[in-house]
Trainee: 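Provided herewith is a single structure, encoded as structure tokens, for subsequent inquiry.
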Number of protein chains: 2
Amino acid sequence: MVEVSGSAPSPRTQRAGQRPGGTGPRVTKRRAETRERLLAAAFGVFAERGFGRVGIEEVCEAAGYTRGAFYSNFDSLDELFFALYEQQAGHTLAQVNEALAGASADEGLPALIDRVVNALRIDRTWVLVRTDFLLHAARNPEVAAALIRHREAMRETVQPVVRDMIDPAAMPPGLREPQALTAAIIDIHDAAAAKLLLEPDLTALRPWLRDLLTALLSPSR
Amino acid sequence: MVEVSGSAPSPRTQRAGQRPGGTGPRVTKRRAETRERLLAAAFGVFAERGFGRVGIEEVCEAAGYTRGAFYSNFDSLDELFFALYEQQAGHTLAQVNEALAGASADEGLPALIDRVVNALRIDRTWVLVRTDFLLHAARNPEVAAALIRHREAMRETVQPVVRDMIDPAAMPPGLREPQALTAAIIDIHDAAAAKLLLEPDLTALRPWLRDLLTALLSPSR
DNA sequence: TGCATCCGATACATCTATGTATCGAAGCAG
DNA sequence: CTGCTTCGATACATAGATGTATCGGATGCA
């Protein structure tokens, strides 16, 4: 059903290609370029119209190619969508990593919360695409597995910081394990992001998230 | 673009119909039946395949009709989707109303939380359809307006209970207004529901929601 | 029961999307 | 520069979805 192999460069019509030594496809400069532009175009088109309503030609047109280029790089829209998600999710993860890099236990909780809140990728188009992908995953177990894998990676990135900064004893029952607590924080982040879909005003978003995290994490009121 | 008039019975080809007195269409028994079955079938098909990937014929086939029946009752899939959402959202609202009906301040907070948690409509198909609708709304301002309206109605249903049961002074800053607090509770509910999409195991869901609400609402730990 | 009306099935025309086969052109190796 | 490989455009064949016009049967009312 859905190709989950994913991030392979996937040269499609491998007629003769691939020189004997087992090294990758021979020509690669132009190919990488068009692949990139196809992904970028797909991002925009998916955000605007929704994955389900987008056709292959639409993506190609937005990228300045014809369908020939598409079929040379991907097998299906599903595959492109998957590659796009992996690319963007990786980007997001790197961003969070960077934002949390300098965290130290001395800063105190409010500073950490600020740090997290400011690391938020408040990009409505990304939320649109990501939610579309979530629905896609909800209907395709193999895609879901990849999505869950990525959520795990995100949790593992955030968890050490949470563990260092928060006193488990001060947390309510059920959230005393750093694992569960971190997961809850990420879930709340997701809920905040979802609010962007209906209310594009992002000035209200950061305070909302800050308030909720503060309410959840502050031992004293 | 999208007909938002919505819930009108909308007799399509109103050739001659509608007797002079201004009363509705004359024949109505069979019509109501097929409309209902079309909606029910659409619910299933949308949940399974996603709004964007569903065609009109698919809905009709699932309902046991042909496209003739569809075009006699709706103008477009968008219109049917809208009607479907209103129907189901109304149903959900009624359910919450009922669950909260007997709430009294004597019960105490844990009992209220249990009440809320148990009122949850843990229906994965409904979450699928609802999320699809959310995305649909995110891309169509008029649909978004209707969705926001419904969220308001939900908040107004829940708010009196929250106001009676919770001491604002015990809440963290930013959530002291019953309005904001109630909205946050509903948002958390939505986040919980979204978890159903990736992890269909609903036994884990209720505890998760209970823990989070408890953490948020309990003045003392 | 008879009749005027409406509902939904059928058939048709149109439009769009998909996938494949083929070919000229660009890119890289020697 | 030359020749070979690959990329991506073009053209074609096919499949599916949409909307409309029309018709027979069902339905409600007198």
Side-chain angles (χ1 to χ4, degrees), chain A residues 1 3 9-39 41-42 45-46 49-81, chain B residues 1-3 9-21 23-39 41-42 45-46 49-81:
Chain A
M1 188 152 286
E3 260 278 14
S10 65
R12 287 299 131 212
T13 40
Q14 227 168 50
R15 296 180 238 264
Q18 204 123 356
R19 43 149 76 99
T23 24
R26 202 173 109 201
V27 179
T28 179
K29 183 80 183 304
R30 189 167 52 141
R31 192 176 185 77
E33 173 79 8
T34 65
R35 190 184 157 92
E36 205 51 42
R37 286 174 58 186
L38 280 172
L39 286 172
V45 176
F46 285 166
R49 304 229 313 134
F51 175 56
R53 296 226 168 279
V54 168
I56 291 174
E57 181 135 38
E58 210 172 337
V59 174
C60 297
E61 196 177 352
Y65 292 99
T66 64
R67 287 210 315 286
F70 177 90
Y71 283 109
S72 170
N73 281 275
F74 302 95
D75 273 342
S76 64
L77 255 196
D78 275 18
E79 187 187 317
L80 179 148
F81 195 25
Chain B
M1 186 155 287
V2 175
E3 260 278 14
S10 64
R12 287 299 130 212
T13 40
Q14 226 168 51
R15 298 178 236 265
Q18 204 127 354
R19 44 148 76 98
T23 24
R26 202 174 110 202
V27 179
T28 178
K29 182 81 182 306
R30 188 167 54 141
R31 191 177 186 76
E33 174 79 8
T34 65
R35 190 185 157 92
E36 205 51 41
R37 286 175 57 188
L38 280 173
L39 286 172
V45 176
F46 285 166
R49 304 227 315 134
F51 175 56
R53 296 226 167 280
V54 169
I56 291 174
E57 180 134 39
E58 211 173 337
V59 173
C60 297
E61 196 177 353
Y65 293 99
T66 64
R67 290 210 313 288
F70 177 89
Y71 283 109
S72 170
N73 281 274
F74 302 94
D75 273 342
S76 64
L77 256 196
D78 275 19
E79 185 187 319
L80 179 149
F81 196 24

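Note that the structure is predicted; figures quoted are calculated from it, not measured. Values reported hereafter were calculated over all heavy atoms of this structure, with side chains retained and with hydrogens, waters and symmetry mates removed.
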Trainee: Find the distance B:K29:NZ to D:dG25:C1' and express it as a whole number of Å.
Mentor: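 In whole Å, D:dG25 C1' and B:K29 NZ are 17 Å from each other.
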
Trainee: Taking all atoms of both residues into account, what is the closest heavy-atom pair of A:F70 and A:L38, and its distance?
Mentor: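 Where A:F70 meets A:L38 most closely, the heavy atoms are CA-CD1, 4.1 Å.
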
Trainee: Could you please name the option among D:dT20, C:dG8, D:dG8 that lies closest to any side-chain atom of B:S72?
Mentor: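 For the B:S72 side chain, the nearest candidate turns out to be C:dG8.
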
Trainee: Between A:G68 and A:V54, just flag the one whose closest nucleotide in DNA chain C comes earlier from the 5' side.
Mentor: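 That would be A:V54.
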
Trainee: How many angstroms lie between OG1 in B:T34 and CD in B:E36, if you round to the nearest 0.5 Å?
Mentor: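 Going from the OG1 atom of B:T34 to the CD atom of B:E36 covers 9.5 Å.
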
Trainee: Where the side chain of B:E79 meets the backbone of B:D75, is there a donor-acceptor pair that is under 3.5 Å apart?
Mentor: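 Yes, B:E79 side chain to B:D75 backbone: donor-acceptor pair under 3.5 Å.
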
Trainee: What is the distance, rounded to the nearest whole Å, between atom CD of B:E61 and atom C1' of D:dG16?
Mentor: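 Answer to the nearest Å: 13 Å.
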
Trainee: Just how far, in rounded Å, is P of C:dT16 from CZ of A:R53?
Mentor: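 Atom-to-atom, A:R53 to C:dT16, this comes out as 15 Å.
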
Trainee: In whole angstroms, how far is the P atom of C:dC28 from the CD atom of A:E33?
Mentor: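 Computing the A:E33:CD to C:dC28:P distance gives 12 Å.
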
Trainee: Within this structure, what is the CD1-to-P distance between A:I56 and D:dG8, rounded to whole angstrom?
Mentor: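 Roughly 16 Å, once rounded to whole Å.
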
Trainee: Do B:F74 and B:I56 have side chains that get closer than 4.5 Å, going by heavy atoms?
Mentor: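 B:F74 vs B:I56: side chains apart.
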
Trainee: Could you work out which one of D:dA9, D:dC7, C:dT18 sits closest to the side chain of A:Y71?
Mentor: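 Nearest to the side chain of A:Y71 among the choices is C:dT18.
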
Trainee: Any side-chain N or O of A:T34 under 4.0 Å from OP1/OP2 of D:dG8?
Mentor: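 It does, given that an N or O in the side chain of A:T34 lies less than 4.0 Å from OP1 or OP2 of D:dG8.
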
Trainee: Rounded to whole angstroms, how far apart are CD on A:E58 and C1' on C:dC15?
Mentor: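 Rounding to the nearest Å, CD of A:E58 and C1' of C:dC15 are 15 Å apart.
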
Trainee: Verify the contact: side-chain N or O of A:R31 to OP1 or OP2 of D:dC7, cut-off strictly under 4.0 Å; return yes or no.
Mentor: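 Indeed, a polar side-chain atom of A:R31 lies that close.
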
Trainee: Determine whether any donor atom in the side chain of B:R67 lies under 3.5 Å from an acceptor atom in the base of D:dG19, or the reverse, and answer yes or no.
Mentor: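 Yes, a donor-acceptor pair under 3.5 Å.
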
Trainee: Verify the contact: side-chain N or O of A:N73 to OP1 or OP2 of D:dG8, cut-off strictly under 4.0 Å; return yes or no.
Mentor: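 Result: yes.
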
Trainee: Using whole Å, report how far CD of A:E57 lies from P of D:dA15.
Mentor: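 One finds 19 Å between P of D:dA15 and CD of A:E57, rounded.
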
Trainee: Rounded to the nearest Å, what distance is computed from the CZ atom of residue A:F74 to the P atom of nucleotide C:dT18?
Mentor: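 These atoms are roughly 15 Å apart.
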
Trainee: For A:F46 and A:F51, take the angle between the two ring planes, folded into 0 to 90°, and tell me which bin it lands in: parallel under 30, tilted 30 to 60, perpendicular over 60.
Mentor: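 Aromatic pair A:F46/A:F51 classed perpendicular.
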
Trainee: Choosing from C:dT18, D:dT10, D:dG19, which nucleotide comes nearest the side chain of A:T66?
Mentor: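 Of the options given, the side chain of A:T66 lies nearest D:dT10.
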
Trainee: Which of these nucleotides, C:dG19, D:dT18, D:dG25, is closest to any side-chain atom of B:R30?
Mentor: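 Output: D:dG25.
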
